[in-house]
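Counting from 1, the numbers follow the sequence of the chain as shown.
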Amino acid sequence: MATRIETVGDAEPAGKVWRPKRVLITRSAREFAHGRAIAARALALGSVVVELPGDRLALDLPDDARRAYAEAKATLAVVVAPPSKRKLQPIAPSADWRVDLAEGCPAHCGYCYLAGSLKGPPIVRAYANLDEIMGGLPEYLGRGQVTSRSVRRMDEGTTFEASCYTDPLGIEPATGSLSALISAFGAWEADAQLRFTTKYDAVGPLLDLEHRGRTRMRASVNPAGYARFEGGTSAVAARLVALRRMAEAGYKIGLTIAPIIAADGWERAYGQLIEDVADALAGLPDPDLTIELITHRYTPGSKAVLETWYPGSALDMGPDGRAEKRTKFGSVKFVYDAGTMRALRGFFETTIARVLPQARILYWT
């Protein structure tokens, strides 16, 4: 029988905080100190912690699809990452390697990149065996294809992306995994860099870590009018304040402008966003600022999932202005047509050069 533990905690990190309604911790996860620490953090946030008798996740979700979605999004499962999950995969064009602290995200984004790619209900699965994950990273040094061997980006060293399958800052109040990884990179005498992007602003616990400049935090941003598709996240203005605080604490910083949405008035909306970024960072002494530009795209599978999660969404996923693109694996995704892509890219490259001349655009996709 599962053991349920309930308490009301007083932990209140500054900024937007996700408090999972319930936390399921498997038997194997409880064997790891980090797994037990996550349970303790969740209790302090006021979550119900359920100690499972084995390693099978008993989700017990309602039959109603909308209620099942809501309860899944409020659930954190603490599990053990198997060896197959600890074998790193390349993650071009962002970084050399993908390192996962968790799978699943607490946000409610109408364009969610994870929809259709992660199986099962959209719970967050955080990994308890963090020491094992970090212990496997050295063997990947110098072996990547994006920054390890790139003339243009080789100053970044071997790069490890921590936000492919989750928002690590979004779940940080409950997990502590991001702080642990930042500290580990700070202590690692290697030509390596940790990268993460986030739609949250609760950076307080990260500011005093001994990161030694080996972590780049990027704020994922969109104009306020388009951020309405990003439920449960911090306001864009708050994300920019957090970005500035991280720069003041010596972190490398960046922007992930994504997904770029070519809706009516996009030039005005994104022009204002870039001006807002410049205002938020004004006065910083030569910030190390990078920008990644990612246009909106979707697969047939993700579109089908998103339409069940967010019925009636105003986000345009129709065929007009779209082109079909096949990946190297043969799957299909829909991107903006060539004319729209040219207009978008030209606008961003010109506007960023004018308003944020100190920034480096890493890639466009």
Side-chain angles (χ1 to χ4, degrees), residues 81 84-105 113-114 117-118 127 130 133-172 177-200 203 206 209 211-221 243 246-247 251-260 287-295 297 327-329 359-365:
S84 61
K85 294 287 187 182
R86 303 200 304 270
K87 182 178 180 181
L88 303 192
Q89 301 297 320
I91 185 64
S94 172
D96 284 326
W97 303 106
R98 187 187 96 210
V99 55
D100 294 330
L101 304 177
E103 287 189 354
C105 176
Y113 294 120
L114 300 181
S117 61
L118 295 180
Y127 296 136
L130 188 58
I133 293 170
M134 294 189 296
L137 301 187
E139 69 178 276
Y140 293 90
L141 281 172
R143 294 175 50 199
Q145 301 294 324
V146 175
T147 60
S148 295
R149 304 178 188 180
S150 164
V151 173
R152 193 170 69 90
R153 292 182 62 187
M154 64 188 309
D155 62 299
E156 299 175 58
T158 304
T159 45
F160 297 84
E161 176 62 63
S163 46
C164 295
Y165 277 8
T166 191
D167 186 315
L169 184 61
I171 64 173
E172 175 68 3
S177 299
L178 180 59
S179 293
L181 195 58
I182 290 173
S183 296
F185 269 76
W188 190 10
E189 297 294 342
D191 187 15
Q193 182 186 116
L194 174 66
R195 295 162 48 80
F196 73 94
T197 189
T198 182
K199 291 182 175 68
Y200 290 85
V203 296
L206 312 182
L209 298 178
H211 59 85
R212 297 177 65 189
R214 296 195 180 116
T215 293
R216 185 180 299 276
M217 178 261 202
R218 298 107 72 209
S220 178
V221 294
L243 191 69
M246 291 288 277
Y251 283 89
K252 294 178 172 65
I253 59 171
L255 299 170
T256 307
I257 304 181
I260 296 168
D288 186 337
L289 175 67
T290 62
I291 301 181
E292 294 148 84
L293 301 168
I294 305 171
T295 54
R297 67 274 321 279
T327 71
K328 63 181 179 180
F329 303 107
R360 288 186 294 138
I361 297 177
L362 294 186
Y363 58 85
W364 163 272
T365 186

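By the salt bridge (charged side-chain N to carboxylate O under 4.0 Å, His left out) test, K85 pairs with E103, sequence neighbours left out. Residues that satisfy the salt bridge (charged side-chain N to carboxylate O under 4.0 Å, His left out) test with D288, not counting sequence neighbours, are R216, R360. The salt bridge (charged side-chain N to carboxylate O under 4.0 Å, His left out) test applied to R212 returns E189, not counting sequence neighbours. Under the side-chain contact (heavy atoms from CB on, under 4.5 Å) criterion, A184 pairs with M134, not counting sequence neighbours. Listed by chain and number, the residues in a side-chain contact (heavy atoms from CB on, under 4.5 Å) with T256 are T197, R218, S220, A258, E292, I294 (sequence neighbours excluded).
Nearest heavy-atom pair, F196 versus P168, reported as atom, atom and distance to 0.1 Å: CB-CG, 3.7 Å. I171 and A102 make their closest contact through CD1-CB, 3.6 Å (heavy atoms, listed as atom of the first residue, atom of the second, distance). Shown here for S94 and E161, the closest heavy-atom pair between the two residues is OG-OE1, 2.8 Å.
Distance check: L178 CG to L194 CG gives 7.0 Å after rounding to the nearest 0.5 Å. Distance check, rounded to the nearest 0.5 Å: OH of Y127 to CD1 of I133 gives 7.0 Å.
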Handout entry: CA sep, side-chain torsions, deciding dist, call: Y140, F160, ring-ring contact (aromatic ring centres under 6.0 Å, His included)
Key = CA-CA 9 Å; Y140 293 90; F160 297 84; 7.1 Å; no
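Among residues at least two apart or in separate chains, salt bridge (charged side-chain N to carboxylate O under 4.0 Å, His left out) pairs with a member in residues 87-98 are R98-D100.
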